[in-house]
Each structure stands twice: as structure tokens, then as C-alpha cells.
Amino acid sequence: MNATVNENCIGCGLCAGTCPEVFHLGDDGLAHGSGIPEGQLEAAQEARDGCPVSAISIEA
């Protein structure tokens with residue numbers, strides 16, 4: 001599973017705060033996703049669901 005962040009990201013940091021194993025804020029001030037480690041899917045989904053601009057997708 002992978003988490004991706006699209007161009008709607010506003011860099012609020014909610015995802016990185018909710019699931020730092022998957023999301024981080026880059027030098028560009030925006031969030032970036034990565035592969036979802038085992039045991040982190042629920043936290044990644046919580047970050048996706050909490051995103052205020054619906055910028056996060058989780059794909060197999």
C-alpha cells in the first residue's frame with residue numbers, strides 16, 4: 001500500500017502529525033507520502049480522512 005499527496009495539499013501538517021511513519025513535510029512546505037509499513041494502515045487512513053483539503057489517496 002502507498003499513500004500519495006496531490007497538488008491540493010496546503011502543508012498544514014495534520015497528516016505528518018497523525019502518521020509520521022508515512023507522511024512528512026518536505027522542503028517545499030508540502031506533505032509527501034510513502035509506502036505504508038505493516039501496522040500503519042489505520043493511522044494512514046485516519047490522516048487521509050482528516051485532511052482538510054482531501055489531498056491524500058491510499059492505493060494498493
Could you see if [X] belongs to whatever hydrophobic cluster contains [Y]? Use Ile, Leu, Val, Met, Phe, Trp, Tyr and a side-chain cutoff under 4.5 Å.
X	Y	value
Leu30	Phe23	no
Ile56	Ile10	no
Val5	Leu25	no
Val53	Leu14	no

For the atom pair CZ (Arg48) and OG1 (Thr18), what is the distance rounded to the nearest 0.5 Å? 12.5 Å
Step through the shown structure and confirm whether more than 12 heavy atoms of other residues, nucleotides or ligands are within 6.0 Å of CD on Glu59. yes
Just wondering, are more than 12 heavy atoms of other shown residues or ligands nearer than 6.0 Å to CD in Glu21? yes
Which heavy atom in Ser54 sits nearest to a heavy atom in Asn6, and how many Å separate them? O-ND2, 4.0 Å
Of all the heavy-atom pairs spanning Gly35 and Val22, show the shortest one and how long it is. O-CG2, 4.1 Å
For the residue pair Gln40 and Cys19, establish whether any side-chain heavy-atom pair is separated by less than 4.5 Å. yes
